[in-house]
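Atoms considered below: every heavy atom in the structure, side chains included; atoms not considered: hydrogens, waters and symmetry mates. Chain letters run A, B, ... following the sequence lines, proteins first, then strands; residues in each count from 1.
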Amino acid sequence: MPEAYDQEGGVNQGRRFAAAIHRYRDPGAGDKMVPFAEQEAWENCQSGKATLKSGSRNKQASADYEFVFEDGIGFIKESIMDGVNLEDEMSSEKPDDSTAKNALQKLQEERKTLPIHPYRDELLQAIHDHQVMVIVGETGSGKTTQIPQYLHEAGYTKRGLVGCTQPRRVAAMSVAARVSQEMGVKLGHEVGYSIRFEDCSSEKTILKYMTDGMLLREFLSEPDLASYSVIMVDEGHERTLSTDILFGLVKDVTRFRKDLKLLISSATLDAKKFSDYFDSAPIFKIPGRRFPVTINFTKAPEADYIDAAIVTVLQIHVTQPPGDILVFLTGQEEIETIDEILKYRTRGFGTKIAELIICPIYANLPTELQAKIFEPTPDGARKVVLATNIAETSLTIDGIKYVVDPGFCKIKSYNPRTGVESLLINPISKASAMQRAGRSGRTGPGMCFRLYTAYNFQHDLDDNAVPEIQRTNLANVVLTLKSLGINDLVNFDFMDPPPSEALLEALGQLYALNALNSLGELTKIGRRMAEFPLDPMLSKMIVASEKYKCSEEAITIASMLSIGNSIFYRPKDKQVHADNARMNFHTGNVGDHIALLNVYNTWKETNYSTQWCYENYIQVRSMKRARDIRDQLEGLLERVEIEPTSNLSDLDAVKRAITSGFFHHSAKLQKTGAYRTLKKPQTVHIHPSSGLAEVLPRWVIYHELVLTTKEYMRQVTELKPEWLIEIAPHYYQMKDVEDASTTKMPRGKGLAAD
DNA sequence: GAGCACTGC
């Protein structure tokens, strides 16, 4: 086994997990089937047709439960996720040779073959009878495209819009496109969608698909949702930050708007919880349409999931009938490692085995390389897709018959006490494991190979992932709710309340930013800040830039910072070139914020050239996104009546604006070469990718703290300590910036000047 | 001298 991946951090995490499996494993359960009542119930429930009797099931299982590759990893066939309405699926796949029908008629007939169709009238009656309902609609049931149309047909659109929220932009767009076809209308007319940067709706629109975040923004201007007659929150089980806030808001609106209908779609496992939260709302269940998926667990725990994944892929390739393989991995590095090892290993087979086409896919992979996974697999070859969680919900790949699931993913966590973010490898949830398995049964019967034991699935995995609202910085959530006039946040009706520590921290932060007064009410500054769809520190920087006459620079920097760390592209074989290109923007040790400003302005000077991006190792996609965000912020400047002004000749003015938003994030150099944060003291370091990593200024301000191998400040700019007193006198006193060991510090100048 | 799960406004 090559050693390359042996040193990889994720593997160590995996080992720890595997060790945990060992600890928990029942020593007698090795080769026997263990009863999994809970799991069976779960999966039967999932299938929508809980008809399998346990007796016949066991008989079937004992006949062929053991699925063992020769000389490889032993798997046990543990269960089957049933396919439902398979016959319908088969018949709808048949080409329709009646040429007389026009396209619209065909679409209307297709609608009638959807699993939801027989439930139409019953569903409409239930919606008529109840104000709030939880809809459990399995994948492929047609709930997202059909329910809004049923509501329209039943007359609900006469009283107002039917709005349907989605967690992702593409989903909102593509579903709206499909529904507009089915209704035979032009997209953007009767059927439209609304997503950030793109409003494809009009006065004619009666069915509106939108991202959940977009409905949340609409709440700010229409807190009673007066223009809607029905709101359907789709994919509620995904528990995005926006849906969780929406839940609390729409639940409240239904109390005083008895004419507003509310539909929440959830997965089977959460339905009861959703129903309880919405005052015992009835649950309406619609079966889905899916092919059966056979689930295999390893007989024994695997110590190294990277190795296990590689062996499993090769075993499938050599022993199993045609069909592509999807492997779920945690990140880019893991994907690249497995890519290399698989290439190396299959080279050894020569022409003895069929060709194995390896396709990596992750969100930061340049667009042109992402396209490869959608190319059809040539006859006689097999494709193996190495994917992150992006393949769990965000994109679907046709032709996948086998899923390999090591059972891990990276999850961002946030420590409200220290403000440190980190990205850690964690075991996935049961819900996530089922979702992954389902990716193999989209176009035919599938097989899922889990690289952990059934015991481990049952006992070590949580039912659901921790919702985002419980593991994120809440400053923006709090500002949004405050601007909706919700003052008592501690008693806000969250489905799963965030830790009170995180709420208090966010309140404190907003108070320090002068967005809230001492009574916790929104100030004029706070109201202006709430207009910007940004982290409040960035919004404050923009609002403060008015005073320093540099709003143009502030919105550029805010746009670039809100992209995250995916601006610079650093290919393995050209790291030196990429680093040199990056350092060109740091001339004069201006700091990382100004460097980002330089990147954007230089790109703008090239007329937003793609070629220029390639030459400078900059991600084109990220820059285009920065431009979209900047355009939006430019429009919002006008809304809050801030003049667009540029002050490039006075970089200190720009840095003062930055300090106005980020004064919390200050740090001072120690004799050791490390830094110490001024408030909530902790030892931190300048990230090696910073332009100031070797400059080590005495005082710095940073954008964020990330924990990787050390605690690093990412995006760092030099600071004059007197700015802290000048800008945040309520937060810093002289003693904070005085320093006995730094008598040589040129104090007074900045202070006297202002 | 490091390491970037994934969304969304």
Side-chain angles (χ1 to χ4, degrees), chain A residues 7-10 13 165-172 194-199 210-220 235 238-246 328-337 361-365 387-395 408-413 421-426 428 432 465 467-468 471-472 476-477 479-480 530-536 538-539 558-559 562-570 572 575-576 578-579 582 619 622 625 628-629 632-633 636 673 685-690 693-694 704 706-714:
Chain A
Q7 300 143 6
E8 208 271 323
Q13 289 275 357
T165 71
Q166 295 294 318
R168 280 168 294 279
R169 295 162 52 90
V170 255
S194 176
I195 57 179
R196 191 182 187 182
F197 313 130
E198 203 183 336
D199 181 7
M210 61 217 292
T211 45
D212 45 20
M214 207 64 203
L215 183 61
L216 195 53
R217 294 309 289 188
E218 281 193 10
F219 245 102
L220 291 172
E235 315 291 351
E238 290 197 25
R239 306 294 306 275
T240 67
L241 193 57
S242 299
T243 44
D244 266 22
I245 301 164
L246 280 175
F328 283 100
L329 298 163
T330 66
Q332 179 179 348
E333 193 168 351
E334 230 172 73
I335 289 172
E336 284 169 355
T337 303
I361 178 89
Y362 44 90
N364 271 344
L365 190 73
T388 59
N389 250 7
I390 195 170
E392 201 175 291
T393 49
S394 301
L395 57 87
F408 293 96
C409 68
K410 278 189 190 170
I411 295 179
K412 196 164 102 172
S413 72
E421 287 178 354
S422 51
L423 207 49
L424 297 173
I425 296 179
N426 275 297
I428 59 172
S432 185
E468 192 182 1
R471 50 183 173 83
T472 194
N476 201 13
V477 172
L479 185 63
T480 305
E531 291 288 333
F532 295 93
L534 296 168
D535 179 285
L538 289 171
S539 309
S559 310
S562 49
I563 300 295
N565 54 350
S566 60
I567 289 169
F568 296 100
Y569 177 60
R570 202 163 178 262
K572 253 183 184 167
Q575 292 185 353
V576 180
D579 289 350
R582 190 167 45 81
Q619 297 254 28
S622 299
R625 202 174 137 68
D628 285 339
I629 296 174
Q632 187 190 23
L633 297 181
L636 292 170
H685 307 268
I686 295 186
H687 195 276
S689 67
S690 165
E694 272 140 46
E704 60 183 357
V706 291
L707 172 65
T708 53
T709 52
K710 282 181 188 170
E711 284 177 319
Y712 284 112
M713 300 180 277
R714 214 185 255 160

Can you check the A:R239 CZ to B:dG8 C1' distance for me, whole Å?
-> 16 Å
Okay, side chain of A:R582, backbone of A:S689: is any donor-acceptor separation there less than 3.5 Å?
-> yes
Check every atom of B:dC4, B:dC9, B:dG1 against the side chain of A:R582 and return the nucleotide holding the closest atom.
-> B:dG1
So which nucleotide from B:dC6, B:dG1, B:dC9 ends up closest to the side chain of A:Y362?
-> B:dC6
Is any side-chain N or O of A:T393 closer than 4.0 Å to OP1 or OP2 of B:dT7?
-> no
Sugar-phosphate, base or nothing in reach of A:T388, heavy atoms under 4.0 Å = sugar-phosphate
Write down the distance between CG (A:L707) and C1' (B:dA2), rounded to a whole number of angstrom.
-> 13 Å
List the atom of A:S562, the atom of A:S559, and the distance in Å for their closest heavy-atom pair.
-> OG-O, 3.1 Å
Nearest atoms (heavy-atom pairs only) where A:S566 meets A:S622 = O-OG, 2.8 Å
A:T243-A:E238 side chain donor-acceptor pair, cut-off 3.5 Å = no
Just how far, in rounded Å, is P of B:dC4 from CD of A:E704?
-> 10 Å
Between A:T330 and B:dA5, is there a side-chain N or O to OP1/OP2 distance below 4.0 Å?
-> no
Whichever of A:C409 and A:S562 has the more 5' nearest nucleotide on DNA chain B, that residue is A:C409
Starting from C1' on B:dT7, measure out to CG on A:L241 and report it in whole angstrom.
-> 10 Å
Touch class at under 4.0 angstrom, heavy-atom based, for A:T240 against every strand present = nothing
When you check the gap from the basic side-chain N to the acidic O, do A:E334 and A:K410 get nearer than 4.0 Å?
-> no
Look at all strands and tell whether A:F197 reaches a base, only sugar-phosphate, or nothing, counting heavy atoms closer than 4.0 Å.
-> nothing
Evaluate the criterion side-chain contact (heavy atoms from CB on, under 4.5 Å) for residue pair A:T480 and A:I245; output intermediate values, then yes/no.
-> CA-CA 10 Å; A:T480 305; A:I245 301 164; 5.7 Å; no
Whole-Å distance, A:E336 CD to B:dA5 P, equals 10 Å
In terms of side-chain heavy atoms of A:Q332, which of B:dA2, B:dC9, B:dA5 is nearest?
-> B:dA5
Check the distance between B:dC9's P and A:D244's CG and give it to me in whole angstrom.
-> 17 Å
Symbol by symbol from the 5' end, with Watson-Crick or G-U pairs under 3.5 Å, [ ] crossing and | another strand, DNA chain B is .........
Distance in angstrom units between A:D579 CG and B:dG1 P, rounded = 14 Å
Nearest to side-chain heavy atoms of A:R196, which nucleotide of B:dG1, B:dC9, B:dC6 = B:dC9
By nearest-nucleotide position on DNA chain B, the 5'-leaning member of A:N476 and A:I411 is A:I411
When rounded to the nearest 0.5 Å, the distance separating CZ of A:R471 from CG of A:L241 is 9.5 Å
Can you measure from OG (A:S690) to OH (A:Y712) and round to the nearest 0.5 angstrom?
-> 11.5 Å
Which nucleotide in B:dA5, B:dC6, B:dA2 has an atom nearest any side-chain atom of A:K412 | B:dA5
Within the structure shown, what part of the strands sits under 4.0 Å from A:S566 by heavy-atom distance: base, sugar-phosphate, or nothing?
-> nothing
Is the base of B:dA2 touched by the side chain of A:R714 through a donor-acceptor pair closer than 3.5 angstrom?
-> no
Whole Å only: how far is the CD1 atom of A:I195 from the P atom of B:dG8?
-> 8 Å
Of the candidates B:dC9, B:dA2, B:dC6, the side chain of A:S394 sits closest to B:dC6
Specify the closest pair of heavy atoms between A:I335 and A:L329, including all atoms of both residues, with the distance to one decimal.
-> CG1-CD1, 3.9 Å
Would you indicate which nucleotide in B:dC9, B:dA5, B:dT7 comes nearest to any side-chain atom of A:K410?
-> B:dA5
